[in-house]
Engineer: 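Can you keep this structure in mind? I'll have questions shortly.
Please read these numbers as outputs of a predicted model, since none were measured by experiment. Note that the numbering runs from 1 along the sequence shown for the chain.
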Amino acid sequence: MEGRGGVVNKSMPPPPPNPIAQVQTLFKELENGFRTWLAKQSLPVEAAVVTATSAAQGAAIGTFMGTLTPDVSPPLQPALNPQAIASLKQAQALAYGPLVQARNFAVMIGVNAGISCIMKRVRGVEDVQTSMVAAFGSGAMFSLVSGMGGPNQAANVITSGLFFALVQGGIFKLGQNFSQPPAEDMFYARARCMLTSLGLQNYDKNFKNGLLTDSPLPLLTDSALREVKILPGPRLLILDHIQRDPELSKERR
């Protein structure tokens, strides 16, 4: 603030706290605390808690889905043959009202989460086998509670479980393919980390085009960087970083 006698400096008051950010931070702390507590429990307790919480989430999803879809559950006509009745039940399995949908999704998601929890604790790994076994159990239970069995309920339970397992396994493998970097990127891990720390990640392609992998990284020179068309300023930053880095300097000697 400027007055007649000169400039008067007044400290600005701190901005008010963001209530949304505070709620998000509190929720994250509660979630981390809950996961820490759950990891210390025995297998039966952890499986029961995970199944119950996941079932509650599934019930909420099913209730919401049930409000969006019409309830098409008219009484079945006795004149229909058993195969037609079974087909009609399958078509109606995902088109009931909110309460039935809540039950179906609660069982499906709760069983999936519970089996996954047990498999991960016993096997110590979360892989495609764990995912497919959990999906088979959830599909089988969904078939039972939704009334999709028809005249041959046992066969339909197995078929539904296998269908769920194949779909879940395919999704798991697809997610792995998208989440894992290409195999060749493993040879540029240190180079990419260096470029990112210097704010020069846009030169990642230059390193790959010149085959400047992690192995020759300590041997980089100005002429080598010039060959892959890196500008003078970034070249100086890269060479200075290599010179200052203790590990790279040791490998250079």
Side-chain angles (χ1 to χ4, degrees), residues 21-69 89-90 92-150 152-181:
Q22 288 181 324
V23 171
Q24 291 177 340
T25 302
L26 178 61
F27 180 78
K28 193 67 177 178
E29 292 176 354
L30 292 175
E31 183 182 10
N32 292 336
F34 175 75
R35 290 184 176 181
T36 302
W37 171 84
L38 191 61
K40 298 178 181 178
Q41 306 306 309
S42 62
L43 176 57
V45 173
E46 182 183 8
V49 172
V50 169
T51 301
T53 54
S54 300
Q57 296 175 358
I61 295 173
T63 302
F64 176 74
M65 294 290 294
T67 59
L68 299 179
T69 57
K89 283 185 176 181
Q90 291 179 359
Q92 293 175 351
L94 294 175
Y96 286 117
L99 294 179
V100 178
Q101 290 280 51
R103 179 202 63 189
N104 293 348
F105 276 83
V107 171
M108 181 171 59
I109 296 178
V111 170
N112 191 304
I115 296 177
S116 295
C117 174
I118 296 173
M119 293 282 290
K120 284 187 287 186
R121 280 285 290 265
V122 172
R123 302 178 68 238
V125 64
E126 183 179 5
D127 53 11
V128 66
Q129 287 85 357
T130 297
S131 180
M132 292 183 70
V133 171
F136 179 88
S138 65
M141 290 302 299
F142 175 79
S143 176
L144 287 174
V145 301
S146 62
M148 294 171 54
N152 194 348
Q153 191 175 46
N156 196 77
V157 166
I158 296 175
T159 303
S160 299
L162 290 175
F163 175 75
F164 274 60
L166 291 175
V167 172
Q168 186 77 4
I171 295 175
F172 188 93
K173 296 298 291 184
L174 189 63
Q176 278 188 328
N177 293 335
F178 278 104
S179 62
Q180 292 180 351

Engineer: Would you say that E46 contacts I118 through its side chain, given a criterion of any heavy-atom pair below 4.5 Å between the two side chains?
Structural biologist: no
Engineer: For I158 and F136, work out which heavy atoms get closest and say how close.
Structural biologist: O-CE1, 3.8 Å
Engineer: Apply side chain to side chain contact (heavy atoms under 4.5 Å, CB included) to residues I61 and Q101 and explain how you reach the verdict.
Structural biologist: CA-CA 8 Å; I61 295 173; Q101 290 280 51; over 6 Å; no
Engineer: Please report the interatomic distance OG1(T130) to CZ(R123), rounded to the nearest 0.5 Å.
Structural biologist: 4.0 Å
Engineer: Donor-acceptor pair, distance only, cut-off 3.5 Å: does the side chain of T67 make one with the backbone of F64?
Structural biologist: yes
Engineer: Side-chain contact test, heavy atoms from C-beta onward, threshold under 4.5 Å: evaluate it for V107 versus F142 and give yes or no.
Structural biologist: no
Engineer: Can you measure from NZ (K120) to OG (S131) and round to the nearest 0.5 angstrom?
Structural biologist: 10.0 Å
Engineer: Hey, is the main chain of T51 close enough, under 3.5 Å, to the side chain of S54 for a donor-acceptor pair?
Structural biologist: no
Engineer: Set out, in order, the CA-CA distance, both residues' side-chain angles and the distance that settles side chain to side chain donor-acceptor pair (under 3.5 Å) for N156 and T159, then state yes or no.
Structural biologist: CA-CA 5 Å; N156 196 77; T159 303; 5.6 Å; no
Engineer: For a quick test of reading the model, state the closest non-hydrogen atom pair linking V111 to M141 and the distance between them.
Structural biologist: CG2-CG, 3.9 Å
Engineer: Surrounding CZ of F34 (heavy atoms of other residues, nucleotides or ligands, distance under 6.0 Å), is the total greater than 12?
Structural biologist: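 For F34, atom CZ is crowded (more than 12 foreign heavy atoms under 6.0 Å).
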Engineer: In Å and rounded to the nearest 0.5 Å, what is the SG to CG distance from C117 to N112?
Structural biologist: 11.5 Å
Engineer: How long is the gap from CE on M132 to CD1 on I171, to the nearest 0.5 Å?
Structural biologist: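 It comes to 11.5 Å.
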Engineer: What verdict does the side chain to side chain contact (heavy atoms under 4.5 Å, CB included) test give for M119 and V133, after you've listed the backbone C-alpha separation in whole Å, the side-chain angles of each residue and the deciding distance to 0.1 Å?
Structural biologist: CA-CA 9 Å; M119 293 282 290; V133 171; 4.0 Å; yes
Engineer: Keeping S138 on the side-chain end and A135 on the backbone end, is there a donor-acceptor pair under 3.5 Å?
Structural biologist: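 Here the side-chain-to-backbone pair exists.
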Engineer: Roughly how far, to the nearest 0.5 Å, is the CG atom of L144 from the CG atom of N104?
Structural biologist: 11.0 Å
Engineer: Counting C-beta onward and ignoring hydrogens, is there a side-chain heavy-atom pair between R103 and L99 closer than 4.5 Å?
Structural biologist: no
Engineer: Donor-acceptor check, side chain of T63 to backbone of A59, threshold 3.5 angstrom: yes or no?
Structural biologist: yes
Engineer: What distance do T36 atom OG1 and Q41 atom CD have between them, rounded to the nearest 0.5 Å?
Structural biologist: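 That separation rounds to 11.0 Å.
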